[in-house]
Colleague: 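Sharing a structure, written as structure tokens. Questions coming.
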Amino acid sequence: MFLDIHTHSMSSDANIKKVFNLDITATSLGEDLELFFGGNESVSVGIHPWSVSEEMFFEQIEILEFLAADSRVKAIGEIGLDKLKGPDLKLQEEVFLKQIRIAESVRKPIIVHCVKSFNELIAIKKLVQPKAPMIIHGFNRKSDLAIELAAKGFFLSFGIALIDSELSKNALKSIPLSQVFFETDDEKGLTIGEVYNVASVVLNIELEELKDKIYQNYLELYL
Ligand SMILES: [Zn+2]
């Protein structure tokens, strides 16, 4: 079984376990919970840093608290910090912290969106010391940073960048496979099979073995 830990593509495939991401904007829930889940049995739910707003976040947090315990919600995310887009970083940090606490209370992993804010992310993890595993999605940075993050207990998820970025390939090679995931995110036309195929070449490991190991990583997030 392939695992796509973070995708925005709704299409289902019997050979792929997908964790479909749902962003809580202030109006996204409405009255109809079933419409919100859209028939998906495995979703991550969170307030994306781009969707954080001063006026709305109390309401957004209430919605997340309500949804987080639902058995279809497998992770809280994508949540995090972005220095290039979204509101003031202080507000992003406040909302990120609130969501980490929700993940802790329901004992579910966290899918992290992090752009140019790795120092802040590391500081927050050190401060809060969440038991909830933190998976940094769309990782495409240097090996040094990958090694540092893995040593601090983060998981890293690799996507489109792995196809043609040496940076991403080297980062993948530099950390334990037990802390690796793969994803398609919102890349149209990218299949999770392509990502796994490249990873299997980069890591010099059989595709079937890679699939098993990554799926095992997923199961162990909940132990
Ligand atoms: Zn995404």
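Every number for a ligand or one of its atoms is a count from 1 in the order of the listing.
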Colleague: Please confirm whether Lys108 makes a cation-pi placement over Tyr222, using NZ or CZ under 6.0 Å from the six-membered ring centre and within 45° of the ring normal.
Modeller: no

Colleague: When the ring planes of Phe182 and Phe158 are compared, do they come out parallel, tilted or perpendicular, using 30° and 60° as the limits?
Modeller: tilted

Colleague: Check Asp82, Asn21, Asp185 against His113 for a side chain to side chain donor-acceptor pair (under 3.5 Å) and give me the one that passes.
Modeller: Asp82

Colleague: Has Lys17 got its NZ or CZ under 6.0 Å from the middle of the six-membered ring of Tyr215, at an angle within 45 degrees of the ring axis?
Modeller: no

Colleague: With no hydrogens and no angle check, do the side chains of Ser143 and Asn170 hold a donor and an acceptor under 3.5 Å apart?
Modeller: no

Colleague: State the CZ-CG distance between Phe181 and Asn217, to the nearest 0.5 angstrom.
Modeller: 5.0 Å

Colleague: Closer than 2.8 Å to the Zn ion (ligand 1), how many protein N/O/S atoms do you count?
Modeller: 4

